[in-house]
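One structure is given below, encoded as structure tokens.
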Amino acid sequence: MAKPERKRALRGRAGRMKGGRGSGRASTGQVRLWGRHAVEAALKNPDRKHQKLWATPEGIESLDGELPEHFPVEHASAADLGRLVARDAPHQGLVLECSPLDELHLEDVMHGAAERPLVVLDQVTDPHNVGAIIRSAAAFGAAAVVTQDRHAPPESGTLAKSASGALDTVPWVRVVNLARALEDMANAGYWRIGLAGEAEATLSEALPTGPVALVLGAEGPGMRANIAAHCDALAKLPITSAVESLNVSNAAAISLYAVAARGIETEGE
């Protein structure tokens, strides 16, 4: 009787991972993304260089459009893909290893458009929160998300999955000195509004008619004093006393909606 055919294991890094699990880390100089929206957006980004796609047949079928001819694909089972990503990561049958995003400079994204705010994050380090904020920035047409390089999460599969494809469509600028970046925004005509629960004015009261930079701090400590001092105004969201504060990604989404709604109201007058 013939022996049953053994299932071919993944080659390369996937087959050598300690304990049969992956760290979710890509090869040196590369990033590893997973999930349909994140992978699809990265595949459509002409500025990305794609090293390899591991995928189930169903994962490939879920993609919008066809992969280019001779694209490096390795078919794999869902269990195989689970060894390539962080534990319990929802890969949806797709894992892509590709180049990181190109570095952007603040002057590349400051256009002074009143309807396209900048979102500035001070020491927001959780990749789920930053990814969710980037997703909201895409939804409400923000010009860019700006973080300080030393106090922000790196580009990663977790962050890209939380951004649901927006990581490849919304500019993400990482600066060395956030206070200096805020000064540059002011010189470019942006009104800098820091979100702070202790502020007296509400966001709707503080919003001007011109370009806005929304500044949000980490949950708990909030904005650092030096960053708050570089804001033109502090404002709060009018929440009830039922909760002490909002998650930073929720606060960002509501603030971005307020800016977008301001533009709609202005057009209707």
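What's counted below: heavy atoms across the whole structure, side chains too, no hydrogens, waters or symmetry copies. Heads up: numbering here begins at 1 and tracks the sequence.
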**Message:** Please find the pair of heavy atoms, one from Ala89 and one from Trp34, that lie closest to each other, and give the distance.
**Reply:** CB-NE1, 3.5 Å

**Prompt:** Of the options Gln30, Arg32, Lys52, Gln51, which is the one that meets Glu97 in a side chain to side chain donor-acceptor pair (under 3.5 Å)?
**Reply:** Arg32

**Request:** Establish whether Leu104 and Leu167 are linked, either directly or via other cluster members, by ILVMFWY side-chain heavy-atom contacts under 4.5 Å.
**Result:** no

**Item:** Separation of Arg36 CZ from Glu61 CD (nearest 0.5 Å)
**Value:** 11.5 Å

**Request:** Let me see the working for Leu159 and Glu155 under side chain to side chain contact (heavy atoms under 4.5 Å, CB included), right down to the final yes or no.
**Result:** CA-CA 7 Å; Leu159 190 150; Glu155 183 181 351; 5.9 Å; no

**Heavy-atom donor-acceptor pair, Glu219 side chain to Asn247 backbone, under 3.5 Å** = no

**Item:** Positive for side-chain contact (heavy atoms from CB on, under 4.5 Å) with Leu234, one of Met223, Arg192, Glu200
**Value:** Met223

**Request:** To the nearest 0.5 angstrom, please state how far the CG atom of Leu195 sits from the CG atom of Leu216.
**Result:** 4.5 Å

**Asked** Is a side-chain donor-acceptor pair under 3.5 Å present for Thr158 with Ser156?
**Response** no

**Asked** Is a side-chain N or O of Glu58 found less than 3.5 angstrom from the main chain of Gly93, in a donor-acceptor match?
**Response** no

**Request:** State plainly whether one hydrophobic cluster holds both Val212 and Val248, where clusters connect Ile, Leu, Val, Met, Phe, Trp and Tyr through side-chain heavy atoms under 4.5 angstrom apart.
**Result:** yes

**Asked** Taking the side chain as C-beta and beyond, is there a heavy-atom pair between Asp126 and Ser249 under 4.5 Å?
**Response** no

**Message:** Please determine whether residues Trp191 and Leu118 belong to a single hydrophobic cluster, defined as Ile, Leu, Val, Met, Phe, Trp and Tyr linked transitively by side-chain heavy-atom distances below 4.5 Å.
**Reply:** no

**Spacing of Asn187 atom CG and Met185 atom CE [to the nearest 0.5 Å]** = 11.5 Å

**Item:** Shortest non-hydrogen contact between Ala78 and Thr56, atoms and distance
**Value:** N-CG2, 3.7 Å

**Message:** I'd like to know if Val170 and Tyr257 are part of one continuous hydrophobic network [Ile/Leu/Val/Met/Phe/Trp/Tyr, side-chain heavy atoms within less than 4.5 Å].
**Reply:** yes

**Message:** Measuring from atom CG of Leu182 to atom SG of Cys231, what distance do you get when rounded to the nearest 0.5 angstrom?
**Reply:** 6.0 Å

**Prompt:** So, does His37 use its side chain to make a donor-acceptor pair with the main chain of Ala163 at under 3.5 Å?
**Reply:** no

**Prompt:** Do you know the tightest heavy-atom contact between Asp122 and Gly222?
**Reply:** OD2-O, 4.4 Å

**Message:** Quick check: do Val31 and Leu101 have side-chain heavy atoms less than 4.5 Å from each other?
**Reply:** no

**Prompt:** Checking side chain to side chain contact (heavy atoms under 4.5 Å, CB included) for the pair Leu178/His230: CA distance, chi angles, key distance, verdict?
**Reply:** CA-CA 10 Å; Leu178 199 59; His230 278 80; over 6 Å; no

**Request:** Can you measure from OG (Ser162) to CG (Asn129) and round to the nearest 0.5 angstrom?
**Result:** 8.5 Å

**Message:** Is it the case that the side chain of Arg174 and the backbone of Gln148 share a donor-acceptor pair, with hydrogens and angles ignored and the cut-off at 3.5 Å?
**Reply:** no

**Message:** Counting neighbours of CZ on Phe71 that are heavy atoms of other residues, nucleotides or ligands and sit closer than 6.0 Å, is the number greater than 12?
**Reply:** yes

**Message:** Applying a strict under-4.5 Å side-chain criterion to I, L, V, M, F, W and Y, I'd like to know whether Leu207 and Tyr190 cluster together.
**Reply:** no

**Asked** Taking atom CG of Leu53 and atom CG of Leu63, what is their separation to the nearest 0.5 Å?
**Response** 7.0 Å

**Message:** I need the minimum non-hydrogen distance between Leu33 and Ala160, along with the two atoms involved.
**Reply:** CD2-CB, 3.7 Å

**Item:** Criterion side chain to side chain contact (heavy atoms under 4.5 Å, CB included) on Asp64 and Lys44, from CA distance to verdict
**Value:** CA-CA 10 Å; Asp64 179 23; Lys44 290 182 176 181; 2.8 Å; yes

**Request:** Look at atom CZ of Arg135 and say whether more than 12 heavy atoms of other residues, nucleotides or ligands are closer to it than 6.0 Å.
**Result:** no

**Asked** Between Arg262 (side chain) and Ala114 (backbone), is there a donor-acceptor pair under 3.5 Å?
**Response** yes

**Passing option when Val145 is tested against Val124, Leu121, Val120, Val109 for side-chain contact (heavy atoms from CB on, under 4.5 Å)** = Leu121

**Prompt:** Any donor-acceptor pair under 3.5 Å linking the side chain of Ser99 with the backbone of Lys49?
**Reply:** yes

**Prompt:** Are Val175 and Arg180 side-chain neighbours, meaning at least one heavy-atom pair lies under 4.5 Å?
**Reply:** no

**Check against side chain to side chain contact (heavy atoms under 4.5 Å, CB included), Leu84 and Trp54** = CA-CA 9 Å; Leu84 291 169; Trp54 291 275; 3.4 Å; yes

**Prompt:** Which heavy atom of Val119 sits nearest a heavy atom of Ala142, and at what distance?
**Reply:** CG2-CB, 4.2 Å

**Prompt:** Heavy-atom count around Glu107 CD within 6.0 Å, excluding the residue itself: above 12?
**Reply:** yes

**Request:** Could you tell me whether a side-chain N or O of Arg48 sits under 3.5 Å from a main-chain N or O of Ala41, the two making a donor and an acceptor?
**Result:** no

**Asked** Between Glu40 and Ser62, what is the shortest heavy-atom contact and its length?
**Response** OE1-O, 4.0 Å

